[in-house]
Amino acid sequence: MVKSHSYRLHLPLEFETPAAALAWFDEAQRTGLLPADVDLFHPDALDAAQHGFSTRDLIVRRTRDRIASLAVRAGQGANHGR
């Protein structure tokens, strides 16, 4: 849950494929721009209903807050190593 005094950053980046988005995400995480406890996910039905996300959107969320099967890397058969 977001605390009332916190801020969210929305980055409207576009990639040709989920794999390209994941490569950018992994590099940002490797260099410390993104925390280690987050991952790149496909939105679930709740995300779509609450935020209007579609199947073409990808979201960054805390790993503990999401089902592992929705992770972009899960669809590639890659092991995230966490």
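Within the 4.5 Å cutoff, side-chain heavy atoms of Phe25 are placed close to those of Arg73. Side-chain contact between Val60 and Phe41: absent, with no pair of heavy atoms (C-beta onward) separated by less than 4.5 Å.
Residues Ala74 and Ala68 approach most closely at CB-O, 3.5 Å, considering heavy atoms. Between Pro43 and Ser54 the shortest heavy-atom distance is CG-O, 3.3 Å.
Judged by distance alone, with hydrogens and angles left aside, the side-chain atoms of Asp26 form no donor-acceptor pair with the main-chain N or O of Ala23 at under 3.5 Å. Between the side chain of Gln29 and the main chain of Val38, a donor-acceptor pair closer than 3.5 Å is present. Put simply, the side chain of Asp47 gets close to the backbone of Asp44: a donor and an acceptor are under 3.5 Å apart.
Cluster annotation: Leu11 is connected to Leu22 through the hydrophobic network of ILVMFWY side chains, with a link wherever side-chain heavy atoms come within less than 4.5 Å. A continuous path of ILVMFWY side-chain contacts below 4.5 Å connects Leu58 to Leu13, so both sit in one hydrophobic cluster. Phe15 and Phe53 fall into different hydrophobic clusters, where Ile, Leu, Val, Met, Phe, Trp and Tyr side chains are chained together by heavy-atom contacts under 4.5 Å. Hydrophobic clustering (ILVMFWY, side-chain heavy atoms < 4.5 Å, transitive): Leu70 and Leu40 are in distinct clusters.
By the neighbour-count criterion of 12 heavy atoms within 6.0 Å, atom CD of Gln50 is densely surrounded, having more than that number from other residues, nucleotides or ligands. The neighbour count for Leu46 CG, taken as heavy atoms of other residues, nucleotides or ligands under 6.0 Å away, is above 12.
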Run the side chain to side chain contact (heavy atoms under 4.5 Å, CB included) test on Val72 and His42 for me, step by step, so that the C-alpha distance in whole Å, both residues' side-chain angles and the decisive distance to 0.1 Å come before the verdict. CA-CA 6 Å; Val72 172; His42 295 280; 3.9 Å; yes

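Applying the side-chain hydrogen bond (donor to acceptor under 3.5 Å, both in side chains) rule to Arg64 yields no partners; only residues at least two apart in sequence or on another chain are considered.
Here the CG-CD distance, from Leu34 to Glu27, works out to 10.5 Å after rounding to the nearest 0.5 Å.
Taking 4.0 Å as the cut-off between side-chain N and carboxylate O, Arg66 and Asp39 do not count as a salt-bridged pair.
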